[in-house]
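First comes the structure, then the notes that go with it.
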Amino acid sequence: MEVIDPATGRPLPSDAIQRVLFVASSVHVYNIPPMTPGKGHVAATWTADGGNRQIFTARLRVIETAIPVHDSPDGEEKVKTDIALEDASNGSLFAAAPYTAAAVVEPVSDSSRFFALRVQDEAGRKATLGIGFEERSEAFDFGVSLQEAQKTLGWANQGGQSGKKQAAVERKDSAEKRDLSLKEGETITINLPGRFGRRKPEPPPQSNDEVLSSFSLPPPPSSGSGIIPPPPSASSVRAKRLSAQNLGFDDGKFGEFA
């Protein structure tokens, strides 16, 4: 059986292998207005004009194609995925969307059954069409098939790398990640500010001898030879009393001045 390229309708090499990831027999195709900034695509605007924007009802297929690369010593193959809109009655190609990026299929903001599909012809010219499934289950299966295609291609958000190369990059990245886990016996210290901080240990209470030694006491007054002087004699007392009388003081009973 001849293998046909779903994107161009031309024959493929005889050793090419195709796999159908999804098929829906009745999908409505719309000529949609430009995307609304800030809202995205809105399916309500496609069906609001009484069906005037609907082009026709097509069969949709998601097809994966693997083409061996004959010049490759490792037997590599080129894998691609296409979304084909075909005439359900005779299988003729109406439009194809090479699935080269996630942006080729964009969900709408108001329904889970409608999508915006970016199609492309052989000359590279692009246009955006609206597609709508009759059942939500079909729309869900369509999304699952696209996820499977992304895993096979391995280019999701990686600019077209093959699945094997992407897996190798992931293994390399994981090997280069540092192991920051605590080993056995290791501890970690956390400094918490304010009242949660570690309290400083209080100094031990001082003894009485240590408290007294901290003060500087003046030495006792020196008494010369260190012997207490003798009391005054009676003659010296009498002489001091006569000298006071000579100065005009009366040492009498009433203490009056002369």
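For CZ of Phe140, the number of neighbouring non-hydrogen atoms (other residues, nucleotides, ligands) closer than 6.0 Å is 12 at most.
Of all the heavy atoms in Val3 and Ala16, the pair that sits closest is CG2-O, 3.9 Å. Heavy-atom minimum distance, Asp110 versus Ala43: OD1-N, 2.9 Å. Heavy atoms only, all atoms of each residue included: Ser26 and Glu138 are closest at O-OE1, 4.4 Å. When all heavy atoms are compared, the tightest approach of Gln18 to Ile4 is NE2-O, 2.7 Å. Pairing each heavy atom of Leu153 with each of Tyr99, the nearest pair is CD1-O, 3.8 Å. Nearest heavy atoms, Leu117 versus Ala97: CD1-CB, 3.7 Å.
Using a 4.5 Å heavy-atom cutoff, the side chains of Trp46 and His41 are in contact. For the pair Thr152 and Glu64, the minimum side-chain heavy-atom distance is below 4.5 Å. Within the 4.5 Å cutoff, no side-chain heavy atoms of Pro98 are placed close to those of Val104. Using a 4.5 Å heavy-atom threshold, the side chains of Phe94 and Leu129 count as touching. Under the 4.5 Å side-chain criterion, counting only non-hydrogen atoms from C-beta, Thr47 is in contact with Tyr30. Within the 4.5 Å cutoff, no side-chain heavy atoms of Val23 are placed close to those of Leu60.
Distance alone, capped at 3.5 Å, is enough to place a donor-acceptor pair between the Arg113 side chain and the Phe133 backbone. Remark: the backbone N or O of Lys39 is paired with a side-chain donor or acceptor of Ser109 at under 3.5 angstrom. Side-chain atoms of Asp5 do not come within 3.5 Å of backbone N or O of Leu12 as any donor-acceptor pair. At distances below 3.5 Å, not a single donor-acceptor pair connects side-chain atoms of Asp82 with backbone N or O atoms of Ala84. The backbone N or O of Val27 sits nowhere less than 3.5 Å from a side-chain atom of Thr57 that would complete a donor-acceptor pair.
Expressed to the nearest 0.5 Å, how far CG of Leu93 lies from CG of Asp87 amounts to 10.5 Å. Atom CD1 of Ile67 sits about 14.0 Å away from atom CD of Glu76, to the nearest 0.5 Å. A distance of 9.0 Å separates OG in Ser92 from CZ in Arg59, rounded to the nearest 0.5 Å. Atom OG1 of Thr65 sits about 10.5 Å away from atom CD1 of Ile17, to the nearest 0.5 Å. Taking OG1 from Thr100 and NZ from Lys80, the interatomic distance works out to 11.0 Å, rounded to the nearest 0.5 Å.
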Run the side chain to side chain contact (heavy atoms under 4.5 Å, CB included) test on Val119 and Lys126 for me, step by step, so that the C-alpha distance in whole Å, both residues' side-chain angles and the decisive distance to 0.1 Å come before the verdict. CA-CA 6 Å; Val119 299; Lys126 300 177 182 179; over 6 Å; no
Decide yes or no on side chain to side chain contact (heavy atoms under 4.5 Å, CB included) for Leu146 and Val105, but give the supporting numbers first. CA-CA 9 Å; Leu146 297 181; Val105 181; 3.9 Å; yes
Go through Leu85 and Val29 one step at a time and tell me if the side chain to side chain contact (heavy atoms under 4.5 Å, CB included) criterion holds. CA-CA 9 Å; Leu85 298 175; Val29 182; 4.2 Å; yes
Steps toward ring pair (Phe, Tyr, Trp, His ring centres under 6.0 Å) verdict (Phe142, Phe115): CA-CA 10 Å; Phe142 174 65; Phe115 300 87; 5.4 Å; yes
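Using a cutoff of 4.0 Å between basic side-chain nitrogens and carboxylate oxygens, Arg136 and Asp141 are not scored as salt-bridged.
Ile131 is not connected to Ile63 by any chain of hydrophobic side-chain contacts under 4.5 Å among Ile, Leu, Val, Met, Phe, Trp and Tyr, and they are in different clusters.
The side-chain hydrogen bond (donor to acceptor under 3.5 Å, both in side chains) analysis of residues 115-124, with sequence neighbours excluded, yields the pairs Arg10-Glu122, Asp121-Arg125.
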